[in-house]
Visitor: 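Handing you a structure now.
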Amino acid sequence: MSMRLENVVSEMAFVLKERMGARYNRWVKDTAVFVVTSDGTIAAINNELHFGSASEMVLSLLAPEGIPIEQGDVIVSNDPYLGSSHVQDFYILSPVHHQAKPILFLGAKAHLPDVGGDVQGGFNLRAEEIWAEGVRFTPLLVCREGRTDTCALNMILLNSRTPDLLRLGLESMIAAVGAGKKNIQSLIEVSGAQGLLGEAEEVVTDTENGLRETVSNWPNGEYLGDCLVHNGNIKAKGLRVETKLKIKGDEIEIDFSMNTSQLREPYNSPRGNTLSFALIPFFPLLHSGIAINGGIWKVITVKTNKGTLVDPVLPAPTSFSPFHVGREISTSVKSSIEKFLPGEEKERLDRRVTSLISWHPTG
Amino acid sequence: MDLITAEIIREYLLTVSEEMSETVTRTAMSPVFNEGHDYSTAIFYFDGRQISLIARATVVPEHIYASLVSLEVMLKTFEADIHEGDIGLVNDPYFGGSHLPDWTIMKPVFFEGKPTFFPVVRAHQLDVGGPVAACKNAYAKTIWQEGFRIYPIKLVEQGKTREDVWRVLLANTRLASDVDNDLRAMIGACKIAEDRIRSLVSKYGIGEVSESVGYILNYSEKRFREEISTWPDGEYEGQAFLDSDWGGGHKDININCKVNVKADNISIDLAGSHPQVEGCVNSPAGNTASWLYTPLTAICPDIPVNSGFLRPVKLILPRGTVVNPDPPYPTGQSTVCVGNQICEALMAALEKCIPEKVATAGLDLTFLYNWGIDGRHGNYFLGLDYIASACSAGGTYGQDGWGGYTATHCALRIPTYEMTEIQFPYLYHRGEYVTDSAAPGKWRGVPAWELVREMTNAKDATVNIFVQSYKYPLRGYVGGKPGTGNWFVVNPSKPDEIFVDSFLDRSPSPPGQVVLARSGGGGGWGDPLERYPQMVLDDVLDEYVSIEGAEKDYGVLINRETMKVDEEETRKLREKRKRG
């Protein structure tokens, strides 16, 4: 495992927390910082709870049809249909260049307080469409060639009831990425770009190998899981999240394709959120030497159908997805895993997953 | 510079504005643009210190004066960072806009290294995100509950489109395809204007063109000052009321207007107007200015409209009121309400100064919106039914209220029933004037308009209705009577009938639902007893007025057999009524 990349994200996380300060204390768990290789693989992340969502967002931001990101640029998005869980969750990404080529990207994610919509804070129980929850920022360059694009930044801030707090959040994320860039540049000076990229590749491979070894010890088969959605505010009654977990050799498929159509209620889980919550039950089962990074996706695939509760399309509202149905996704996956786990491990898994899925501060 | 050349240049720039307008009509995609014509085009001039309107097409004046403020704000925001090939955009009411759907696009045209001309298009985008489609949130207490706020930003930089900005715009509308195309239409119009302006300057040179612009502005100023100096000096007061701010909970919202005429200057002071309200009727300063300038230009139809015209006018718009609110108060309906009442209050004040020049100049409000899935093809639809919010022209000296929009929205067009039925899942049962509903006057208002429409093949459809002027219909002038006011009935004469005199918020609109919209018409001008009896008879023959109505409202007696005016009996009846 590359401690050097781990250290980079640790320091980024420290800077983010320090810059966000006391006003963001209760949201600390709803942040993440990460290092991404130029092909969109997350090589290191400080908070595994957001790994799925971050992976999805990074792929969207770096997609060929996406907005080009040049040296000194910082791109922002909060779009749930690109990877975010809900419009309150902002992601930024910025490249690290070496010899005029982007070799790595550094990113940050944070839940920020308000981005317009009908209800302060964005949690709108009556929302039937995403625009009732707030403004969607598809990828927007807020820094270009190292300079803040004041108009673009102000356009985001203008759509918030708490522009000062939003500015603080965004600037803290940018500062965290800036700190990460300095450290990456230092590492390049020490071991060269190729050396660092080699390390990134190595940690991803280590994770893949470690996970394959773990999975290969699990019995092959198809395991069904489900979870009833418990919430009095949801109009759709008898709502369930269903899972079909397939283990074959050293690979896993988590199949959510049988799930119900998306709702005109704010409980739809965008694919990024679904990925995050689908992975949570696996983390307690991994030994501590397996780092959370893009190596996971070499082993685990997640199948969803567009237009469903777990992979909605425009204009489905999503603001409550980190609670419902995010938690039910984890519980459903957990129940499928329990089908092949021995009794004492089931209990341990249950405790750990219950704890992990309760991270959200307003939960 | 010679005056003939200056006049040629003035007319040329007007023609360019009209060509911009035609470009938008012929290239835009949404019916709001190409059918309703809810946009405006103009050309502005920048002398390095000040922005001036120099030419406008036959447009929605309520748009165009407010564009002046939008452009000023954009220039202030971009400062020195304005280049050839840039296109700027803003919609925010607190950055020069009026309400969020009105987007203003500008393009600088450079000469000798300086941004000198600015073609501008301001247009109503039907949807800008927010909790309620079409920015029609009756319960909005803040602007964030109305939709997406666009800070002044460049859509195009030195000829290169900001793809990231463009995509954000499209992500925040329910009508992304329409907006995508309509933005291109707006930009196209500005580019055509640039070409034409360059041709002009290449022919005459920037020096002569700039001098001509100076002349054009000075000429309008001189003409309007001459007009004002014919008005009696003095202080004149007027007042108008808005029924309510819908979901905000305020009623009887007053607009106070004090006009001071002194020599060749005029000041308009709206002090005493209602404090800003939680409902979506607050009018930002640019919008208020538009609604004050428009009546002034309307009463001087032979003076070229530009910033020179506006120089003798001083506006006093107290902060924190419905005529100049502070953020974050909502403004979604301000372009009609309280805009119309601002206009009415000014007309009421001017009635005491120049009675023969005043009339209804605002716009009544009967907004009917539907959205849902069109069952014919399964696509989302969002329709603003302009046909329901028909014309509210009042009588004025020498002229009855006409069957078209009043000055503030004079370029709007009422789409045809047939085209609207093709575009939306509606079936129109009827649309017609209502007998005995025209506001009586020596020159009467236009009759009330009644529309009956059925929802046909729609799924998950919703209806939103907004009404004003039920309690306070459009006023009459100089003894003319007021209009008859506005209202709706949903499912008339059915067990689930709903009478709407204020608003209906996001109500289901299933197939078979029938909506009756009644738009009450503008006020009359002058004493109805002075209306020429022959004109009353003409109205009877046209079924605008019944024989009973002729007697009751005008004191005109018509023989049912001969269908002629009984002149002697009419004279006697009128004399008797005048005596009291």
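Order of the sequence lines sets the chain letters (A, B, ...), proteins ahead of strands, with each chain counted from 1.
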Visitor: Counting the benzene-type ring for Trp, do B:W246 and B:F466 have ring centres under 6.0 Å apart?
Guide: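 Close enough - the centres of the two rings lie under 6.0 Å apart.
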Visitor: Could you tell me if the side chain of B:H377 sits less than 4.5 Å from the side chain of B:D374, heavy atoms only?
Guide: yes
Visitor: Going from CG on B:D127 to SG on B:C135, what distance comes out if it is rounded to the nearest 0.5 angstrom?
Guide: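 Those atoms lie 8.5 Å apart.
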Visitor: Looking only at the aromatic ring of each residue, does the gap between the centers of B:F110 and B:F46 stay below 6.0 angstrom?
Guide: no
Visitor: Could you look at A:R264 and say if it's the side chain, the backbone, both or neither that has a heavy atom under 4.5 Å from chain B?
Guide: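 The answer is the side chain of A:R264.
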Visitor: Measure A:S77 against the heavy atoms of chain B and call it side chain, backbone, both or neither at under 4.5 Å.
Guide: neither
Visitor: Specify whether B:F148 and A:F137 have parallel, tilted or perpendicular ring planes, treating 30° as the upper limit for parallel and 60° as the lower limit for perpendicular.
Guide: perpendicular
Visitor: Can you confirm if the aromatic rings of A:H50 and A:F34 lie within a centre distance of less than 6.0 Å?
Guide: no
Visitor: Using the ring-ring contact (aromatic ring centres under 6.0 Å, His included) criterion, which residues pair with B:Y139? Sequence neighbours excluded.
Guide: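 Testing B:Y139 for ring-ring contact (aromatic ring centres under 6.0 Å, His included), a comparison that skips the adjacent residues, returns B:F503.
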Visitor: May I ask you to decide if the ring planes of A:H111 and A:F123 are parallel, tilted or perpendicular, using 30° and 60° as cut-offs?
Guide: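 Parallel, since the angle between the ring planes stays under 30°.
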Visitor: For B:Y151 and A:N154, which I'm curious about, is there any donor-acceptor pair between the side chains at under 3.5 Å?
Guide: yes
Visitor: Measure distances from B:P328 to the heavy atoms of chain A and classify the residue's part below 4.5 Å as side chain, backbone, both or neither.
Guide: neither
Visitor: Is it true that a side-chain atom of B:Q145 and a backbone atom of A:D118 form a donor plus acceptor pair closer than 3.5 Å?
Guide: yes
Visitor: I need the contact set between residues 140-153 of chain A and chain B: heavy-atom distance under 4.5 Å, sorted by residue number.
Guide: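 Listed by number, the contacting residues are A:L140, A:L141, A:R144, A:D149, A:C151, A:A152.
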Visitor: Please look at A:P315 and chain B and tell me whether the side chain, the backbone, both or neither of the residue comes under 4.5 angstrom of a heavy atom of that chain.
Guide: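 For A:P315, no heavy atom lies under 4.5 Å from chain B.
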Visitor: Taking non-hydrogen atoms and a cut-off under 4.5 angstrom, which of residues 75-97 of chain B neighbour chain A?
Guide: B:T77, B:F78, B:D92, B:F95
Visitor: Answer yes or no: is there a donor N or O on one side and an acceptor on the other, between the side chain of B:H99 and the main chain of B:P101, under 3.5 Å?
Guide: no
Visitor: Could you name the residues of residues 171-179 of chain B that have a heavy atom within less than 4.5 Å of a heavy atom in chain A?
Guide: B:A171, B:N172, B:T173, B:R174
